[in-house]
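Keep in mind that what you see is a predicted model, and the values were worked out from it rather than measured.
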Amino acid sequence: MLEIKNLHVSIEEKKIIKGLDLSINKGEVHALMGPNGSGKSTLSYVLSGKDKYEINDGTIDYNGKNLLELDVDERANEGLFLAFQYPMEIPGVQTSFFLKTAINSKRKYLGQSEMDALEFAKLMKSKAEELNISTEMLKRDLNVNYSGGEKKKQEILQMSMLSPKMAILDETDSGLDIDALRIVSEGVNKLRNSDNSFLVITHYQRLLNYIKPDFVHIIADGKIVKSGDYSLALELEEKGYEEISQTA
Amino acid sequence: MAATEQTIKQVNTLGNSDYKYGFSTDVDEIRPPKGLNEEIIKFISAQKDEPEWMLEWRLNAFKVFNKLPKPQWAKLNIPEIDYQDCYYYSIPKSLKDKPKSLDEIDPEILKTYEKLGIPLKEQKMLSGIAVDAVFDSVSVATTYKKQLSDLGIVFCSISEAVKTHPELVKKYLGSVIPVSDHSFAALNSAVFTDGSFIYIPEGVKCPVELSTYFRINAMNTGQFERTLIIADKDSYVSYLEGCTAPMRDENQLHAANVELVALDNAEIKYSTVQNWYPGDKEGKGGIYNFVTKRGACRGKNSKISWTQVETGSAITWKYPSCILQGDNSKGEFYSVAITNNMQQADTGTKMIHIGKNTSSKIISKGISAGKANNTYRGLVNILSKAKNARNFTQCDSLLIGNQCGAHTVPYIESSNSDSMVEHEATTSKINEDQLFYCQQRGLNSEDAVGLIVNGFCKEVLQHLPMEFAVEAQKLVAISLEGSVG
Ligand SMILES: Nc1ncnc2c1ncn2[C@@H]1O[C@H](COP(=O)(O)OP(=O)(O)OP(=O)(O)O)[C@@H](O)[C@H]1O
Ligand SMILES: [Mg+2]
């Protein structure tokens, strides 16, 4: 699915990712943990193609394609999805309209006809219900005056409607209350299958109790310093980054 | 087919690049020689079989025009206009003897309107909208005439009204925009060719949207639109105009005068979707759109509301205004002005508060891309008798790229201490993070810009008649194509 080799990234001359390797296969869930400022969000932006980042070295292969050559929207329509750490507000654009536009952009890219209005309404309703999002909410402008947790849920709604192949969740758990955390995790688990993959960025082992990862990686200063299975998250919770990085 | 569907279909056929209405129609035209002089004015008047008083009115206006100084173009860069190098009248030969029915109209002309999405034939007419179609200097056809006249509503071309309703025309023509107002007002009064005339009788709420579709076809021809709308006591009308022109390398002039009069408790809603040819990317060609639009709220509790979506023209110069004479009268101005490439727009409004408890609201959204310049120029003038007058103004500008400009020039003059004036203005660049977010959801960069700009304009677009809101949204997106790269 995704194969990152020796990735070096800088922004405004500042080196942020310094030789990162990561390989994610179909059907796998990987967790990425690491201290503030270690480069987790930067990695998610580079994968989704945000500009201003300079790729100094390395390669990224995505399903046999050179990911770095694709535009942001091409990557998205090829099934790469980023649930943002800080979702954007778009004033004047109704959430439901945004969802419809996104879905139809993808269908257009894939050479399919637009989703019919009724089918769309049904899909949105059922997905929103699963995530406990009210229909009132979907009539409001996208993310405008949404609470922090509501924005995160909105990201997951978008994800489940677009059913991506490779989803990156950047601290989706931060800001969610206990119930919402469970609901969102169930949403993610429902989407999991043998064909798609997830990269879950988080600071808290609690999320990983709900979304069981196949692998856990620890990133520090732009490099993966340790990889393991779920037990690594538990160990990290106990010892903290400092000690873990030293034993690496 | 419902008008909305019709509109959507029409817009979908527009393809997705450059100006979609750029084709021209091959018809024989009757055209006097180029140039502006008394002979031409007499020619126009004679072509229209006008009564003597109308010709005199025109000739007088021409004298005034010759005495008036040319307008000072504040924020616009306009080449000297050579009035002698322009045709003032051009009509398809086939329309010379006014066709009595659509069957007598040149099929080429009917096809033109169909291509523009404005079918004129009875069986295909847009539902809920009566249309007056103006081709160069003459009105081609007006739909739904019978249904409207049953209600006593007069909806016809101004040329026709001069003959059929001279008393109304004499009373109101030039009563809102005096001939001597400025040089373009005088020029238009001297050589105006066609436009719409509407009279809504007392107590009648017009059940359909009335609409005029202006089309400039002939080369080197100025179009001098003249529209007059009168809403008698307790009446209501919603009117919409649309405009397109072929792509031509030379500039063409559209100088319109539009006058609205609302009597006691009457309401006029006037919407414009202006999409004249804007010129090419280097700024060659395009329409000079110099328009004087003014509404008089003469009666108490009357209301005039202007909504405009200005996406076309090389240069746009217009300030739809309200004169709030009647006590408790209301004026509103909702505007979206988009300039891309080399386009220039200087637009805004004037709200003149004269009566007591008058109120006005101004919402202006200016969007600039490419190397374009966009200016909001507004005046709120509260006279001493306008006790308790209220104004709220909000001007937001959005910049796409860093070679374009946005300017806000609000003037406020208040001679009444009871009045309250609020003004808010913002200027921002299109947010890169918002664009990235949309693209991450699969929208290409142009769709992303279109979506964000439509969101930015929503407060204005929602005031358009529903049937046209969809078209306007698409137009907003289309006119910004190529603005991000
Ligand atoms: N535009 C920028 N200019 C300069 N430095 C930047 C820029 N963007 C990010 N950085 C720096 O890059 C480093 C990595 O940031 P990043 O957002 O990837 O961290 P993170 O691992 O996601 O942290 P957190 O856990 O706090 O979300 C930080 O030191 C940050 O300050
Ligand atoms: Mg982060």
Exercise. So which part of A/Ile90 gets closer than 4.5 Å to some heavy atom of chain B, the side chain, the backbone, both or neither?
Worked result: both
Exercise. Below 4.0 angstrom, N of the basic side chain to O of the carboxylate: do A/Lys50 and B/Asp433 qualify?
Worked result: yes
Problem set entry | Region of A/Leu142 in contact with chain B, defined by heavy-atom distances below 4.5 Å | side chain
Exercise. Should the pair B/Arg390 and B/Phe392 be classed as cation-pi, given the thresholds of under 6.0 Å to the six-membered ring centre and 45° from the axis?
Worked result: no
Exercise. Side chain, backbone, both or neither: which part of A/Tyr86 has a non-hydrogen atom closer than 4.5 Å to chain B?
Worked result: neither
For this session: Identify which of A/Asn104, A/Ile103, A/Thr101 forms the greatest number of heavy-atom pairs closer than 4.5 Å to chain B.
Result: A/Thr101
Problem set entry | Which of B/Ile452, B/Leu451, B/Leu461 touches chain A most, by non-hydrogen pairs under 4.5 Å | B/Leu451
Problem set entry | Among the listed options B/Cys438, B/Ala448, B/Gly455, the residue most often paired with chain A at heavy-atom distances under 4.5 Å | B/Gly455
Problem set entry | Under 3.5 Å donor-acceptor, A/Ser185 side chain and A/Ile211 backbone | no
Exercise. Is chain A contacted by the side chain of B/Phe456, its backbone, both, or neither, given a heavy-atom distance below 4.5 Å?
Worked result: backbone
Exercise. So which of A/Arg75, A/Glu78, A/Met88, A/Gln94 has the biggest tally of heavy-atom pairs under 4.5 Å with chain B?
Worked result: A/Met88
For this session: Under 4.5 Å heavy-atom distance to chain B, tell me which part of A/Glu74 shows up: side chain, backbone, both or neither.
Result: neither
Seminar exercise, completed: Greatest number of non-hydrogen atom pairs under 4.5 angstrom with chain B, of A/Leu82, A/Asn77, A/Leu80, A/Leu99, falls to A/Leu82
Exercise. Which one of A/Pro164, A/Gly92, A/Ala102 has the most heavy-atom pairs closer than 4.5 Å to chain B?
Worked result: A/Gly92
For this session: Examine whether an atom of A/Tyr109 lies under 4.5 Å from a heavy atom of chain B, and if so say whether it belongs to the side chain, the backbone or both; otherwise answer neither.
Result: neither
Exercise. Of the non-hydrogen atoms in B/Ala406 and B/Leu399, which two are nearest, and what is the gap between them?
Worked result: CB-CD2, 3.6 Å
For this session: Could you walk me through whether B/Arg441 and A/Glu155 pass salt bridge (charged side-chain N to carboxylate O under 4.0 Å, His left out), step by step?
Result: CA-CA 10 Å; B/Arg441 296 301 182 250; A/Glu155 293 292 285; 2.6 Å; yes
Exercise. Between B/Phe436 and A/Tyr45, what is the ring plane arrangement, given parallel below 30°, perpendicular above 60°, and tilted in between?
Worked result: perpendicular
Exercise. Ring centres of B/Phe333 and B/Trp306 under 6.0 Å apart?
Worked result: no
Problem set entry | Ion pair B/Glu332/B/Lys303, N-O distance below 4.0 Å | yes
Exercise. Counting only N and O atoms by type, is there a donor-acceptor contact under 3.5 Å from the side chain of A/Arg140 to the main-chain atoms of A/Thr95?
Worked result: no
Exercise. Can you say whether A/Asp141 sits under 4.5 Å from chain B via the side chain, the backbone, both, or neither, judging by heavy atoms?
Worked result: side chain
